[in-house]
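What follows is a single structure, written as structure tokens, with notes after it.
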There are 2 protein chains.
Amino acid sequence: MQRGSFKGMKSLNKSIILTKILNEGPISRAQIAKDTQLTPPTVGSLVKELIDQRIVKESTQGTSKGGRKPTMLVIDQQAYYMIGIDAGPSQIDLILTDLSGKIIANAQHQLLLPITDKQFLTQLIHVTEAMVTDHVKYSDHIIGIGVAMHGVVDANEGESLYAPNLNLRDMPIAEALSNHFSYMVKVENDARALALAETWFGQGKGYDRLVAVNIGTGVGAGVVIEGDLYHGETFIAGEIGHMTIDLNGARCSCGNYGCWQTVISGPSIATRTKQFIKEGMDTSLTDLTDVTAFDVFEAAEAGDTFAQKILTETGYYIGVGLTNLIHTINPSQIILNGGVMKANTYLMPIIKETIAERVLTRAAKDTLVTVSELGDHATALGAVALILVELFAKNGELEL
Amino acid sequence: MQRGSFKGMKSLNKSIILTKILNEGPISRAQIAKDTQLTPPTVGSLVKELIDQRIVKESTQGTSKGGRKPTMLVIDQQAYYMIGIDAGPSQIDLILTDLSGKIIANAQHQLLLPITDKQFLTQLIHVTEAMVTDHVKYSDHIIGIGVAMHGVVDANEGESLYAPNLNLRDMPIAEALSNHFSYMVKVENDARALALAETWFGQGKGYDRLVAVNIGTGVGAGVVIEGDLYHGETFIAGEIGHMTIDLNGARCSCGNYGCWQTVISGPSIATRTKQFIKEGMDTSLTDLTDVTAFDVFEAAEAGDTFAQKILTETGYYIGVGLTNLIHTINPSQIILNGGVMKANTYLMPIIKETIAERVLTRAAKDTLVTVSELGDHATALGAVALILVELFAKNGELEL
DNA sequence: GTAGGTTCTTTAATTAAGTTAACTTACATG
DNA sequence: CATGTAAGTTAACTTAATTAAAGAACCTAC
């Protein structure tokens, strides 16, 4: 437990004010004081510091309510910039954004596999360096680099503990980047970064307890509890792709049987489809060897009722798993993402129906289930949000 | 977010000191200062207040390490007393304890069913009143009443939202007791209270992330995250008895199929046993109609290999479900409780084996899985712990 | 047995930062 | 233009932590 101190008290109040301006700006000092229980002088002096730090700026005058017009405060979106890196299994996606998350520039780089840990870190530094030098006019105003890394990540130490697709272990990513750049560096698991992206830029804004589930080649989730990312004891909280949902189910890549992944992931949809084709189902899908989940989606779009049935079935399985999540973590919101969710028009009705049918209490039926609207650079935006957490929520007391 | 203030800073520091003394006492002021980063004068003055409040007292002198002997501080266990109430589906268990959780007195009362909400509240007040008057010499020193209520509970409002076995809804328990007694009143769901009991008095001491799973007639869990009880959005976090684990499994009381409960609860063990007996298994168990999980346990103890096999199978199912928990919540510790765990000698080896085999990462294999050692009044102790949370962790700034 | 060093605890002065109360600025209205 | 009201600032005050120093109690060594 962190002890109470003057410094801590001040930075807490600064964070509160900053977060208020971010979420509800333009807002006046007086309004902040009313909402936060802080006194006007306290708000005034802390706002002054924030303006000196250039995170906050005064904007227009508000309308008078019978007296002096309030001076509205807003975040100075263009005062600082951040780099977000989505380090996936086969490529690296980089973005440069302002404090509002507006993407100024982006770049993609392929990884040449196989790769050693040294090569990986060198390439990471290299592509980041390129992003900085390509946009020199921002470089003095960059405050941090966020990295969303696939696999198991120790976010405290900024280390990649295990990246299965690269087959690399124990890479000190934060250390490597910190040695090369003067910016703050934060590293997080990609699924968790995605969840953070939703809370900062997506539909998760203002929700304290949410789960962002990614359904693609694999299935993973980021869990936000009481406003903070939740890691668990050994950084595997949210590895729900490997939640057993069918005791007698198909074998999973992890070696177990009946993992959730084995019924809802992209590859599993393809596998199930092939199985049915073999059994002689009536369908327009004929290519037994190369059929993918996307093919199934396209066939469904073209009116193939068999393909539609496959997707409906998948939606049911997703719904069952999400109900398990609701009965365990009981979030206020679940946001779905990933390739499989491209078929959301087929999936969502049955997902919602399944949850409504299976959930235990009436109140839990109201759990919001939506599809992410963040788009292409969602994970990289989550990486950027890692920096925003430090800037806004953590303490507001950074040297800038 | 709560604003920073002098009061808040002080009470936070007081809590830190108090918790330190609780967990590591007898301990000296100097040692507290070293461990907590607080300065000696701060520790000194706050300890003085705690001594004035009679929560803390000076005990023996410690041994000198080359200088003045330290004065050791301990919690004054007998300064205050608490009442813990376990309000189960058919009976009420009350205990009176000191601050260490030592049980001074206990009483059990049957509920006469069916019962109305008014009758229930009246009986609750009545039995509590009896406990107080039967032990008058403690009554002036009682600081609070904790209630562990089965069913869905709104812990913030102190309301029982739904008690399925009594078929009662929306009972204002805290309000009713507060109107009758001058003590602080806290209400919580029973499974969560049990988890709290483990963190305060059981094997969960010092663990920040733990799940206490109760396997009996039903299956439920209390989740502790970052040291706090976790409720979820609508107070159903931890309702893992209804986690679907077998897509094509047996029908559950909740209406779904293949809930975890349907393979590990006491009744499910009996049902499965009957099924096998029908199929002509070789066993000493013959009474097809009335066989219970306890009979299976006894048969196993007597050497019946069929009964042992049933239990082993049950252990496997428990292990699978716990692995799901690890992949979702990733706690440092799981503590098992409830009637079924009486067969722990048969269950535990296979539970641990199953988890070790199925869990994704090496680090997660170290998740501690143990059987509760709290004994009979475990849930009532959890109710008592609700009061301790207020006293120790919440703010240390109560009027005493 | 006493001097010097060490550790524990308390006292006194200082400082950080929030709070209170009063004041200034700026605007609206009659 | 006088009055009232809201926004923001200034100055005095208060709280509670921190710093510095003193005092208390003990140990070891000469």
Side-chain angles (χ1 to χ4, degrees), chain A residues 1-17 20-21 25-52 56-74 395-397, chain B residues 1-18 20-21 24-52 56-74 395-397:
Chain A
M1 210 171 352
Q2 190 66 24
R3 78 179 196 281
S5 64
F6 289 107
K7 230 176 156 180
M9 177 167 63
K10 183 178 174 183
S11 75
L12 171 60
N13 286 338
K14 226 166 157 180
S15 286
I16 289 173
I17 292 171
K20 193 86 191 165
I21 297 173
I27 185 171
S28 69
R29 291 170 178 82
Q31 192 60 44
I32 293 173
K34 268 180 210 150
D35 293 355
T36 59
Q37 312 255 53
L38 291 164
T39 58
T42 302
V43 173
S45 81
L46 292 180
V47 163
K48 197 174 164 196
E49 285 188 29
L50 289 169
I51 289 175
D52 287 346
V56 168
K57 66 179 179 187
E58 296 187 332
S59 69
T60 56
Q61 303 278 97
T63 55
S64 163
K65 278 179 244 162
R68 178 176 173 174
K69 280 184 188 163
T71 308
M72 303 312 255
L73 302 166
V74 292
N395 59 29
E397 196 55 84
Chain B
M1 209 169 355
Q2 189 67 24
R3 79 179 196 282
S5 64
F6 291 107
K7 229 176 158 180
M9 177 167 65
K10 184 177 174 183
S11 76
L12 170 60
N13 286 337
K14 225 165 160 180
S15 286
I16 290 173
I17 292 171
L18 200 47
K20 194 86 190 166
I21 297 173
E24 296 172 37
I27 185 172
S28 70
R29 292 169 176 83
Q31 191 60 44
I32 293 172
K34 268 181 210 150
D35 293 355
T36 59
Q37 311 256 50
L38 292 164
T39 57
T42 301
V43 174
S45 80
L46 293 179
V47 163
K48 198 173 162 195
E49 286 188 28
L50 289 169
I51 288 175
D52 287 347
V56 168
K57 66 178 180 188
E58 296 188 331
S59 68
T60 56
Q61 303 277 97
T63 55
S64 164
K65 278 179 242 162
R68 177 176 173 174
K69 281 183 187 165
T71 308
M72 304 312 258
L73 302 165
V74 294
N395 60 29
E397 196 56 83

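Here is the naming used below: chain letters follow the sequence lines, and residue numbers restart at 1 for every chain.
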Evaluate side-chain contact (heavy atoms from CB on, under 4.5 Å) for B:Thr63 paired with B:Lys69, printing each intermediate quantity in order. CA-CA 6 Å; B:Thr63 55; B:Lys69 281 183 187 165; over 6 Å; no

Let me spell it out: for each of A:Leu46 and A:Gln61, pick the nucleotide of DNA chain C with the closest heavy atom. Which residue's pick is nearer the 5' end? A:Leu46

Please tell me which of the listed nucleotides, C:dA16, C:dT7, D:dA17, lies nearest to the side chain of B:Phe6? C:dA16

Which of these passes side-chain contact (heavy atoms from CB on, under 4.5 Å) with B:Ile16: B:Leu46, B:Thr36, B:Ile21? B:Thr36

Figure out the CD1/P separation between B:Ile27 and C:dT9, and round it to whole Å. 11 Å

So, is B:Asn13 near the phosphate of D:dA17, with a side-chain N or O under 4.0 Å from OP1 or OP2? yes

5' priority, DNA chain D, between A:Gly44 and A:Arg3 [closest heavy atom]: A:Gly44

Expressed in angstrom and rounded to an integer, what is the separation of B:Ile17 atom CD1 from D:dA16 atom P? 13 Å

Rounded distance [0.5 Å steps], OG in A:Ser28 versus NZ in A:Lys34: 7.0 Å

Could you walk me through whether B:Thr71 and B:Gln61 pass the side-chain contact (heavy atoms from CB on, under 4.5 Å) check? CA-CA 5 Å; B:Thr71 308; B:Gln61 303 277 97; 3.5 Å; yes

Take atom CD1 of A:Ile16 and atom C1' of C:dG18, then tell me their distance rounded to the nearest Å. 13 Å

Do A:Met72 and A:Pro70 make a side-chain contact, defined as non-hydrogen atoms from C-beta onward lying under 4.5 Å apart? yes

Could you tell me the separation between the CD atom of B:Glu58 and the C1' atom of C:dT9, rounded to a whole number of Å? 10 Å

Rounded to the nearest 0.5 Å, what's the gap from CD on B:Gln37 to CD1 on B:Ile32? Could you check? 14.0 Å

D:dT9 OP1/OP2 closer than 4.0 Å to side-chain N/O of A:Arg29: yes

A side-chain contact here means heavy atoms from C-beta on lying under 4.5 Å apart; do B:Leu73 and B:Ile17 qualify? no

Taking the side chain of B:Ser64 as heavy atoms from C-beta outward, which of D:dG8, D:dC26, D:dT18 is closest to it? D:dC26

From NZ of B:Lys48 across to C1' of C:dT10 the rounded distance in Å is 10 Å

With B:Pro41, which of B:Val43, B:Leu38, B:Thr39 fulfils side-chain contact (heavy atoms from CB on, under 4.5 Å)? B:Thr39

Taking only heavy atoms on the protein side, list every residue of residues 66-73 of chain A lying under 4.0 Å from any atom of DNA chain C, sorted numerically. A:Gly66, A:Gly67, A:Arg68, A:Lys69

Are OP1 or OP2 of C:dT7 and a side-chain N or O of B:Lys65 less than 4.0 angstrom apart? no

Atom-pair distance (NZ on A:Lys7; C1' on C:dG18), nearest Å: 18 Å

Please list, by residue number, the residues of residues 33-43 of chain A whose heavy atoms come closer than 4.0 Å to an atom of DNA chain C; answer none if no residue qualifies. A:Thr39, A:Pro41, A:Thr42

In whole angstroms, how far is the P atom of C:dG18 from the NZ atom of A:Lys14? 10 Å

Test side-chain contact (heavy atoms from CB on, under 4.5 Å) on B:Glu24 and B:Asp35; report intermediate values, then the result. CA-CA 11 Å; B:Glu24 296 172 37; B:Asp35 293 355; 3.8 Å; yes

Could you state the atom-to-atom distance from CE of A:Met9 to P of C:dA16 in whole Å? 12 Å

So do the side chains of B:Leu12 and A:Arg3 get within less than 4.5 Å of each other, counting heavy atoms only? no

